[in-house]
Amino acid sequence: MADPKSQKFQTLTGMRDMLWPDSARRRLLVDGFVGLVGNAGYKEVVPPLLENLGVFRRIGEATDVVTKEMYDFEDKDGSRIALRPEMTAGVARAFVQHKPALPWKVFYTGSNFRHERPQKGRYRAFDQVGVEVLGPDDPDVDVEVIVLAWRFFEALGLEQVRLLVNTLGEHADRSAYSEGVRLYLESRRSELSGQAQETLQRNPLRVLDSKRREDKAVIGEAPRISKYLSEAAAEHFGRVCSGLDALDVPYTVDDRLVRGLDYYRRTTFEFAADALDAAQNAIGGGGRYDGLVEDLGGPATDGVGFALGVDRILLACDAEEVFAPPVTRLDAYLVDLTGGESARDLTHEIRGAGMSADRRFGAGSMKAQMKAADRSGARFAVIIGSDELVADEVTVRMLRRPDDGSHSDAANGGQGGPTDAQQRIPRRELIEFLRSRK
RNA sequence: GUGGUCGUAGCUCAGCUCGGUUAGAGCGCCAGGUUGUGGCCCUGGAGGCCGGGGGUUCAAAUCCCCUCGAUCACCCCA
């Protein structure tokens, strides 16, 4: 950095400012999600960004998220607290604290923080949207949750999304399976990559996730979860699959799908965006976490949910060229050649009537004001010159047609684009004029 | 935490290999052409300590070292 007197600040590593139109697109995406899950009976929950560190420890002592990536620090009273690295643990804590009626169906949107090396689709501050259902053990809940996410991707226009599902079995199944995998991998330890050997010591199941080529052969012959499943777990999973079939949601069972966080039991799932050439192509994931609530001091309660990565979804939308940012719309833009009082009064009058209006501060030449009017996306320029002022009239000029979603552009062939119709009307009729042409 | 690539105008980049007058282009922005009319066109203008620091040299955007940042991959995960 330069000399301290004139130090310029910029965003921290892995964090970024989102400016328009990216911010508009993100807003639209989040609003769409809220609408979708609201229709399914989910209510919003807004947990705090900071929690006692212990809340997040339950995510898994063997995970990087907990051991290496948390923004944790000491509070002023000496207690250990942390910025949330994900939402589920905080939501589960809220459940334990408030004891809401069952089933508790909630959704959330918000930022999470993980201290990792940033790369495409991975930031230290990232947005997620998600849902959680606490209470029912019914496999139909798993289905509802998965289908919700699937419909959301459909609504955005995404087509190259793959749904992967798996089951890790119940607690005992998972432990037995983990041990089975560990024994197997130990027996072929020398064939594994160095990284995989390290992972093996901490969390054998995670080795199955390795992307390194040298590990593939060994992983391919590893034991399958199906052999370790209890009857109940197998039946649960079977009903999840048949539910997805019934609702025509395509999926593939991937028995190597081991999700990162320790609290998952039974159903797990992940959404991969194939249009993303980046390594970070998981745009969402989730599963059952029966036992998490108990770990946090609550009654034994089943839970299932998912989290979707807003940033990655937007990246996937870019790759598939869908979900363009919304077009700016304005009902009127004021062009005032007489000093600005009319622009000031009319913008507020129009807004007060429930329509949208803007104007240019500092006025400028008519050309400058008209240019600004065009760029604003306004349908009409409302022009007030000295003639109009004296006659108590306004000139209303159409800048684009009602059905013209694009920015006006004379070069686009003229269909619905170029317009220049204008007329003078009494000033008191302006609101009615704009309203009748909305 | 490890490795590769890259930092020049608001944005996208040229110039760097073979150091040498006021560092360029396109887009965007501002103004004028059109003294009351946007989108197209033409003209002009503003805007850069060439990421920062140090070194080599008569001379560094250009060569060397360090540093910071970005980016991609590993790891991990959304």
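When reading the values below, keep in mind they use all heavy atoms of this one structure, side chains included, and skip hydrogens, waters and symmetry mates. So that the names make sense, note that chain A is the first sequence line, chain B the second, and so on, each numbered from 1. Not measured: the values here are computed from a predicted model.
- Scanning atom types as modelled, no donor and acceptor separated by under 3.5 angstrom connect the side chain of Arg122(A) and the base of rC72(B).
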Please report the C-alpha distance between Met370(A) and Ile383(A) in whole Å, then the side-chain angles of each, then the deciding distance to 0.1 Å, and finally whether the side chain to side chain contact (heavy atoms under 4.5 Å, CB included) criterion is met.
CA-CA 9 Å; Met370(A) 286 300 292; Ile383(A) 304 165; 4.2 Å; yes
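- Contact check, Gln119(A) against rA73(B): a side-chain N or O comes under 4.0 Å of OP1 or OP2.
- Between Asp290(A) and Arg265(A), no side-chain nitrogen of the basic residue sits less than 4.0 Å from a carboxylate oxygen of the acidic one, so the salt-bridge criterion is not met.
- Atom P of rC13(B) sits at a distance of 25 Å from the matching atom of rG53(B), rounded to the whole Å.
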Table of protein N/O atoms under 3.5 Å from nucleotides 32-37 of chain B N/O atoms:
| from | atom 1 | to | atom 2 | distance (Å) |
| --- | --- | --- | --- | --- |
| rG33(B) | N7 | Lys367(A) | NZ | 3.3 |
| rG33(B) | O6 | Lys367(A) | NZ | 2.8 |
| rG36(B) | O6 | Asp387(A) | N | 3.0 |
| rG36(B) | O6 | Asp387(A) | OD1 | 3.3 |
| rG36(B) | O6 | Asp387(A) | OD2 | 3.0 |
| rG36(B) | O6 | Glu388(A) | OE1 | 3.2 |
| rG36(B) | N1 | Glu388(A) | OE1 | 2.7 |
| rG36(B) | N1 | Glu388(A) | OE2 | 3.0 |
| rG36(B) | N2 | Glu388(A) | OE2 | 2.6 |
| rU37(B) | O2 | Arg397(A) | NE | 3.2 |
| rU37(B) | O2 | Arg397(A) | NH1 | 3.1 |
| rU37(B) | O2 | Gln422(A) | OE1 | 3.3 |
| rU37(B) | N3 | Gln422(A) | OE1 | 2.9 |
| rU37(B) | N3 | Gln422(A) | NE2 | 3.1 |
| rU37(B) | O4 | Gln422(A) | NE2 | 2.6 |

Derivation of the side chain to side chain contact (heavy atoms under 4.5 Å, CB included) call for Val249(A) and Leu163(A)
CA-CA 9 Å; Val249(A) 172; Leu163(A) 166 60; 3.7 Å; yes
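- Here, rA14(B) and rG24(B) have their C1' atoms 7 Å apart, quoted to the whole Å.
- If you check every strand for non-hydrogen atoms under 4.0 Å, Gly364(A) touches nothing.
- Under the 4.0 Å criterion applied to side-chain N and carboxylate O atoms, Glu186(A) and Arg182(A) are assigned as salt-bridge partners.
- Evaluation of atom-type donor-acceptor distances gives a pair under 3.5 Å for the side chain of Glu116(A) against the base of rA78(B).
- Across the protein-nucleic acid pair, Leu308(A) atom CG and rC77(B) atom P stand 17 Å apart, rounded to whole Å.
- Distance CD (Glu69(A)) to P (rC77(B)): 7 Å, rounded to an integer number of Å.
- Distance noted for atom C1' between rG3(B) and rU22(B): 43 Å (whole Å).
- Spacing between atom CE of Met70(A) and atom C1' of rC76(B) amounts to 14 Å, rounded to whole angstrom units.
- If you take CZ of Phe9(A) and P of rG69(B), they are 14 Å apart, rounded to a whole angstrom.
- The gap from the C1' atom of rC11(B) to that of rC63(B) amounts to 30 Å, rounded to the nearest Å.
- Nucleic acid contact class of Ala373(A) (heavy atoms, under 4.0 Å, all strands): none.
- The pair Asp31(A)-Arg27(A) meets the salt-bridge criterion, since a charged nitrogen lies less than 4.0 angstrom from a carboxylate oxygen.
- In this structure, the nucleotide among rA31(B), rC74(B), rC76(B) sitting nearest to the side chain of Arg360(A) is rA31(B).
- When both pairing distances are held under 3.5 Å, rC63(B) makes a Watson-Crick or G-U pair with rG55(B).
- Using a 4.0 Å cut-off between charged nitrogen and carboxylate oxygen, Asp311(A) and Arg16(A) count as a salt-bridge pair.
- The side chain of Arg16(A) places no N or O atom within less than 4.0 Å of a non-bridging phosphate oxygen (OP1 or OP2) of rA70(B).
- As the counterpart of rG3(B), rC72(B) is assigned, both hydrogen-bonding distances of the Watson-Crick or G-U wobble pattern falling under 3.5 Å.
- The side chain of Lys371(A) lies closest to rG39(B) when the candidates are rC76(B), rG39(B), rA73(B).
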Residues Thr338(A), Asp336(A); criterion side-chain hydrogen bond (donor to acceptor under 3.5 Å, both in side chains); working and verdict
CA-CA 6 Å; Thr338(A) 66; Asp336(A) 187 345; 2.7 Å; yes
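- At a threshold of 4.0 Å, the pair Arg25(A)-Asp318(A) counts as salt-bridged, since one of the basic side-chain nitrogens sits closer than that to a carboxylate oxygen.
- Atom CD in Gln280(A) sits roughly 7 Å away from atom P in rA73(B) (whole-Å rounding).
- One P atom belongs to rC49(B), the other to rA23(B), and the distance between them is 13 Å to the nearest Å.
- Remark: C1' of rG28(B) and CG of Asp374(A) are 15 Å apart, rounded to the nearest angstrom.
- The nearest heavy atom of RNA chain B to Thr13(A) and to Ala282(A) marks one nucleotide each, and the one closer to the 5' end goes with Thr13(A).
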Distances under 3.5 Å only, N/O to N/O: pair up the protein atoms with those of nucleotides 2-4 of chain B.
| from | atom 1 | to | atom 2 | distance (Å) |
| --- | --- | --- | --- | --- |
| rU2(B) | O4 | Arg117(A) | NH1 | 3.2 |
| rG3(B) | O6 | Arg117(A) | NH2 | 3.2 |

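- rA61(B) sits 12 Å from rG51(B) when the C1' atoms are compared, rounded to a whole Å.
- Residue-environment remark: CD (Glu221(A)) exceeds the threshold of 12 foreign heavy atoms within 6.0 Å.
- Rounded to a whole Å, the CD atom of Glu132(A) is 13 Å from the C1' atom of rA78(B).
- Taking atom C1' on both nucleotides, rG7(B) is separated from rG48(B) by 14 Å, rounded to a whole Å.
- If you take CZ of Arg206(A) and C1' of rC74(B), they are 14 Å apart, rounded to a whole angstrom.
- Taking the six-membered ring where the residue is Trp, Phe95(A) and Trp104(A) present tilted rings, their angle falling between 30° and 60°.
- Map Thr11(A) and Ala307(A) each onto its nearest nucleotide of RNA chain B; the residue landing nearer the 5' end is Thr11(A).
- With distances taken from any side-chain atom of Arg114(A) to the nucleotides rC30(B), rA78(B), rA73(B), the minimum falls on rA78(B).
- Spacing of C1' atoms, rG39(B) relative to rG28(B), comes out at 16 Å, to the nearest Å.
- Base-pair partner of rA14(B): not found among the strands shown (Watson-Crick or G-U wobble, both distances under 3.5 Å).
- At least one side-chain heavy atom of Ile313(A) sits less than 4.5 Å from a side-chain heavy atom of Phe153(A).
- A side-chain N or O of Glu132(A) and one of Thr88(A) form a donor-acceptor pair less than 3.5 Å apart.
- Nucleotide rC49(B) forms no Watson-Crick or G-U wobble pair with any nucleotide shown, as no partner meets the under 3.5 Å limit on both distances.
- Within 4.0 Å (heavy atoms only), Phe271(A) reaches no atom of the nucleic acid at all.
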